[in-house]
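Following: one structure in structure tokens, then a few remarks.
By convention here, the first residue in the shown sequence is residue 1. Every number for a ligand or one of its atoms is a count from 1 in the order of the listing.
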Amino acid sequence: MRGWPVPPLKPPTKTASQLAIERQLKVTALEAQGVLTSERIKAALLKVPREDFIPREYRDFAYEEVPLPLPGTAATISCPHSYPLFYEPLGLGLGHRFLEIGTGSGYGAAVAREVVGDSGQVTSIEIDALTHEFAKQNLERAGYADVVLVHGDGGRGYAPRAPYDRIAITAACPEVPPPLIAQLTLGGRIIAPLLQDSVQRLTVVTKRADTTDREVLCDVLYVRLQGQYGS
Ligand code: SAH
């Protein structure tokens, strides 16, 4: 069972311009809540049409604060506020080499692609073949063909594009998988929902020479990480 309500399936009725207005209102609301503060992340959220990363039958709910089901066994597109919730404390910015674990819809990768700009790069790993294919189609259609999508176990990272300045793990795991720390630059950051008993604590991990610094931000609810480093 999922730990959150799923809206009913319905044929899409909203027009592109209605959805564009909803996108603008959502960004204003995220700023008012204080979760969205940086200009680059704001510009990215205004630009990427979230509705184009959602299955047709959930499209009308694109800007509601709910995660929505995706093709695949345990994939969801996270709710709108979770993107600034992750990317602001991660300090995602221009020129970063960014790695995402859990591509899902591809929306988080598209937003990150806008934030890091032409001098940065985005790589994203998805373990579910059907979800990976869905994200690939979404990103290509939306014009983000230079995001490198990998089908595999994200816990192992992706050495060919390492090192990474910033990593977002968008599935809950007991501990940050060691290969991801290894593939991070010194001073680089990882954000992840880390499981403590059954609670998920969104944590920023910063890599130092001999150790890692940790800052716990808040409790969240994500699907569980699968693969070698899952629980
Ligand atoms: N970031 C996504 C939301 C991801 S939901 C978005 O913006 O839409 C979490 C995703 O992590 C699911 O698609 C799930 O299949 C994937 N996942 C779970 N374990 C994984 C692993 N070990 N490696 C890669 N992806 C994984």
Side-chain angles (χ1 to χ4, degrees), residues 2-4 6 23 26 41 44-45 47-55 58-59 61-87 90 92 98-116 122-139 141-142 144 147-159 161 164 166-180 183 190-195 200 202 220-231:
R2 293 178 196 273
W4 47 80
V6 177
R23 188 180 324 130
K26 174 52 71 180
I41 298 176
L45 292 174
K47 183 162 177 196
V48 181
R50 181 175 160 86
E51 60 273 22
D52 291 352
F53 292 82
I54 288 175
Y58 292 117
R59 191 182 164 93
F61 304 106
Y63 295 96
E64 297 201 7
E65 270 316 323
V66 283
L68 298 167
L70 303 175
T73 49
T76 59
I77 179 167
S78 307
C79 47
H81 88 273
S82 48
Y83 297 88
L85 186 73
F86 271 58
Y87 292 169
L90 196 56
L92 188 64
F98 174 70
L99 174 67
E100 177 185 46
I101 313 304
T103 314
S105 62
Y107 174 71
V111 171
R113 187 74 198 86
E114 292 292 341
V115 175
V116 302
V122 174
T123 308
S124 185
I125 312 176
E126 172 57 53
I127 202 162
D128 186 292
L130 208 59
T131 311
H132 165 76
E133 198 47 46
F134 177 69
K136 194 164 174 250
Q137 285 170 16
N138 290 341
L139 284 161
R141 198 180 49 234
Y144 297 101
V147 168
V148 170
L149 295 181
V150 180
H151 174 218
D153 182 355
R156 297 179 187 178
Y158 185 66
R161 298 255 283 183
Y164 303 99
R166 298 289 186 268
I167 300 177
I169 307 177
T170 68
C173 45
E175 191 38 70
V176 175
L180 299 182
Q183 292 175 23
I190 299 180
I191 193 163
L194 295 185
L195 282 159
Q200 301 178 12
L202 186 62
V220 288
L221 189 55
Y222 275 76
V223 300
R224 296 289 182 98
L225 189 77
Q226 301 163 47
Q228 190 179 345
Y229 299 95
S231 55

Notebook entry, point to check: Where the side chain of Q183 meets the backbone of R156, is there a donor-acceptor pair that is under 3.5 Å apart?
Noted result: yes
For ligand 1, which of its N or O atoms have a protein N or O partner closer than 3.5 Å, and how long is each gap?
unit_1	atom_1	unit_2	atom_2	d
ligand 1	1 (N)	E100	OE2	2.9
ligand 1	1 (N)	G102	O	2.9
ligand 1	1 (N)	T170	OG1	3.2
ligand 1	7 (O)	Y83	OH	2.6
ligand 1	7 (O)	G108	N	3.1
ligand 1	8 (O)	S105	N	3.0
ligand 1	8 (O)	S105	OG	2.7
ligand 1	13 (O)	E126	OE1	2.7
ligand 1	13 (O)	E126	OE2	3.3
ligand 1	15 (O)	E126	OE2	2.6
ligand 1	19 (N)	Q226	N	2.9
ligand 1	22 (N)	D153	OD1	2.9
ligand 1	22 (N)	Q226	O	2.8
ligand 1	23 (N)	G154	N	2.8
ligand 1	25 (N)	I127	N	3.2

By side chain to side chain donor-acceptor pair (under 3.5 Å) - contacts of [X] (at least two apart):
X	answer
R166	none
S124	E100, T103
Y63	R23, E51

Next item on the list: Kindly assign one of parallel, tilted or perpendicular to the pair Y58 and F61, based on the angle between their ring planes and the thresholds 30° and 60°.
Entry: tilted
Checklist line | Atom pair CD/CG of Q137 and L149 - distance to nearest 0.5 Å | finding: 11.5 Å
